[in-house]
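None of the values given here were measured: they were computed from a predicted structure. Below, chains carry the letters A, B, ... as their sequence lines are ordered, and counting in each starts from 1.
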2 protein chains.
Amino acid sequence: MATRCANCPIRKLPLFKPMSEREVAFMERFKIGEMSVQSGTPLLSEGSTSPQLFTALSGFGLRYKLLPNGKKQVLSFVLPGDLIGLQAGVMGQMTHSVEATTHMTLCVFNRSELWTLFRNHAERAFDVTWIAASEERFLGEALATIGQKSATESVAWAFARLYRRLEAINMRNGITVPMPYTQQNLADALGLSLVHTNKTLARLREQQLATWSEGRLSIPDIEALEEIGLVEEKPSLRPLL
Amino acid sequence: MATRCANCPIRKLPLFKPMSEREVAFMERFKIGEMSVQSGTPLLSEGSTSPQLFTALSGFGLRYKLLPNGKKQVLSFVLPGDLIGLQAGVMGQMTHSVEATTHMTLCVFNRSELWTLFRNHAERAFDVTWIAASEERFLGEALATIGQKSATESVAWAFARLYRRLEAINMRNGITVPMPYTQQNLADALGLSLVHTNKTLARLREQQLATWSEGRLSIPDIEALEEIGLVEEKPSLRPLL
DNA sequence: CGCCTGTTTGAAGTGGTTCAAGACAGGTGG
DNA sequence: CCACCTGTCTTGAACCACTTCAAACAGGCG
């Protein structure tokens, strides 16, 4: 059954900006339903003009682009709290695809209501823009990583970023966080080959910097890893849609 | 002296969405001045919380990030019509720097007025979000390029994209467009070394696909170049701020 | 003229790719 | 219950696209 926004389990997590009562009330109207999908389900695809926006409530996904040469670039990992489909929402068309990596539950919003949001809820509209700018910021960081860092630095960057983000939504357990992706997914995200990604992971494991197995990532010293990955930014208080 | 928005020379270019009279009137109030800077001038820097937003009226610039290891990633080339500083505008802090590559003239807006825009001009607010989403889209494309394409494909992609964008603002002259950047700039944008970039340019020149010298880029067959660069998206009608 | 920035070229080195093959786990059908 | 998938991870070895090092050249400028 659809969770009421008032009881939204993720809204109160430390990562998210508090919402006023009026905002919660509006979101409750804006939300048209809840969706539950299995792992592997495509949520949005490149070129489509989806009538819907989603917010991930639980589970993990991937945003990616497929190239004419058959290669795949993973743009980012979708985690609980992420807004999905903003591009189609404002520009009318997706230029990347999104799919569920694990089972996911999602809030569903009506794209056509986005306009109402802009007209009547300036604060929320500002938040939407904040989210778009934040994604731009993330991609800029990813670009700098792929473009200028070594394989080891890149993997360390990705792990550290994911660890901090998961920590901020209370998914850290001791020194480990869930990581339900494959090495191929990580390779596609960092522009590396699967083989080299695997060898890089082995090296990080030997040095006790990061151990990734059975869907869980363990990081004994996150600050050391951040240093290796040349991480400069931390997740900041963000609005939730 | 300051151009009135009503007479804005770039608003009527084919690339930009028409603006209503009410919108023009608002922009005229939103705009607090005009700025003219020399080549090399830093406009915004990483970490700063600039009180201003700009729109490039003429001239060329660069957005880039500097890494702790001393390397530089160019995120994009700033062309006339581009909005600068949106990140600081909504998130309060820049995570990349922007500087002028040539002489530039810029419209200056007051960041604190951005909020007024969101409250009283929903359409314009929507446009701002559109712009943010469009930058995200571009960075996704750049990521796929750097991550998955060969050096030749990357250079072809960058050239084709710039050519089409400049064409859309009437800066094409026959088969040539202005390109006032250095090979080092391009190398930093594509995550390649200067030497290899230079050799790749030589190869494209030999094959008569693209000739870049003395600040001008000539492309005899843009569609062939787009194919080589695996270009899938074209510049689309965009709002101007 | 001397200096600076940007471009060009050659040659050597390497971080990463590609190819190949095996191990292991989970799932499926006979 | 076993044989046989298929997907993921792992490892070794050969190769090459790109980097790094080095040096020369061209144009603009005080």
**Student:** Looking at every strand, decide which applies to A/Gly215 at a 4.0 Å heavy-atom threshold: base, sugar-phosphate, or nothing.
**Tutor:**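 Nothing, no nucleic acid heavy atom in range.
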
**Student:** Measure from the side chain of A/Thr182, starting at C-beta and using heavy atoms only, and say which of D/dC18, D/dT11, D/dT8 lies closest.
**Tutor:**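 From the listed options, D/dT8 comes nearest.
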
**Student:** According to a strict under-4.0 Å criterion, is A/Gln183 in side-chain N/O contact with OP1 or OP2 of D/dT10?
**Tutor:**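 A/Gln183 to D/dT10 OP1/OP2: side-chain N or O found under 4.0 Å.
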
**Student:** Would you kindly give the CZ-to-C1' distance between B/Arg216 and C/dT7, to the nearest whole Å?
**Tutor:**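 So the CZ-C1' distance, B/Arg216 to C/dT7, works out to 19 Å.
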
**Student:** Atom CG of A/Asp188 to atom C1' of D/dG7: distance rounded to whole Å?
**Tutor:**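 Distance, rounded to whole Å: 15 Å.
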
**Student:** Please verify the inter-ring angle class for A/Phe60 with A/Tyr181; under 30° counts as parallel, over 60° as perpendicular, anything in between as tilted.
**Tutor:**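 If you compare the ring of A/Phe60 with that of A/Tyr181, the planes turn out perpendicular.
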
**Student:** In whole Å, what is the span from the CD atom of B/Glu206 to the P atom of C/dT8?
**Tutor:**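 In whole Å, C/dT8 P lies 12 Å from B/Glu206 CD.
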
**Student:** Under 4.0 Å between a side-chain N/O of B/Gln184 and OP1 or OP2 of C/dT5, yes or no?
**Tutor:**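 It does not, given that no N or O in the side chain of B/Gln184 lies less than 4.0 Å from OP1 or OP2 of C/dT5.
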
**Student:** Kindly say if A/Asn198 contacts the phosphate of D/dT10, meaning a side-chain N or O under 4.0 Å from OP1 or OP2.
**Tutor:**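 Checking D/dT10 against A/Asn198, a side-chain N or O does come within under 4.0 Å of OP1 or OP2.
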
**Student:** Please check this pair: side chain of A/Asp82 against backbone of A/Leu79, looking for a donor-acceptor N/O pair closer than 3.5 Å.
**Tutor:**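 Pair found, side chain donor or acceptor close to backbone of A/Leu79.
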
**Student:** Flag yes if more than 12 heavy atoms outside B/Glu227 fall under 6.0 Å of its CD atom; otherwise flag no.
**Tutor:**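 Counting other residues, nucleotides and ligands, CD of B/Glu227 stays at 12 neighbours or fewer.
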
**Student:** With a 6.0 Å cut-off on ring centres, are A/Trp157 and A/Tyr163 close enough?
**Tutor:**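 Centroid separation for A/Trp157 and A/Tyr163: 6.0 Å or greater.
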
**Student:** Can you tell me how far P of C/dT7 sits from CG of B/Leu204, to the nearest Å?
**Tutor:**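 The distance from CG of B/Leu204 to P of C/dT7 comes to 15 Å, rounded to the nearest Å.
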
**Student:** When you measure from the side chain of B/Lys199, which nucleotide among D/dC18, C/dT9, C/dT18 comes out closest?
**Tutor:**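 My answer, after comparing the listed nucleotides, is C/dT9.
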
**Student:** What integer distance in Å separates B/Ile146:CD1 from D/dT19:C1'?
**Tutor:**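 Between C1' of D/dT19 and CD1 of B/Ile146: 16 Å.
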
**Student:** What is the distance, to the nearest angstrom, from the CG atom on B/Leu192 to the P atom on C/dG16?
**Tutor:**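 Value for this atom pair: 14 Å.
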
**Student:** Can you tell me if the side-chain N/O atoms of A/Arg205 get under 4.0 Å from OP1 or OP2 in D/dT10?
**Tutor:**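 Checking A/Arg205 against D/dT10: at least one side-chain N or O falls below 4.0 Å of OP1 or OP2.
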
**Student:** If I take atom NZ in residue A/Lys149 and atom P in nucleotide D/dT19, what distance separates them, rounded to the nearest angstrom?
**Tutor:**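 In whole Å, D/dT19 P and A/Lys149 NZ are 17 Å from each other.
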
**Student:** Hey, is CD on A/Gln207 packed in by over 12 heavy atoms from elsewhere, all under 6.0 Å?
**Tutor:**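 Yes, the 6.0 Å shell around CD holds more than 12 heavy atoms from other groups.
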
**Student:** Can you measure B/Leu194 atom CG to D/dA17 atom P for me and round it to whole angstrom units?
**Tutor:**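 Value for this atom pair: 20 Å.
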
**Student:** How would you label the contact of A/Ser213 with the nucleic acid (heavy atoms, under 4.0 Å): base, sugar-phosphate, or nothing?
**Tutor:**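 The answer is nothing, as A/Ser213 stays clear of every strand by at least 4.0 Å.
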
**Student:** Reading DNA chain D from 5' onward, which residue's closest nucleotide shows up sooner: A/Leu201 or B/His196?
**Tutor:**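 Taking each residue's closest nucleotide, the earlier one in sequence belongs to A/Leu201.
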
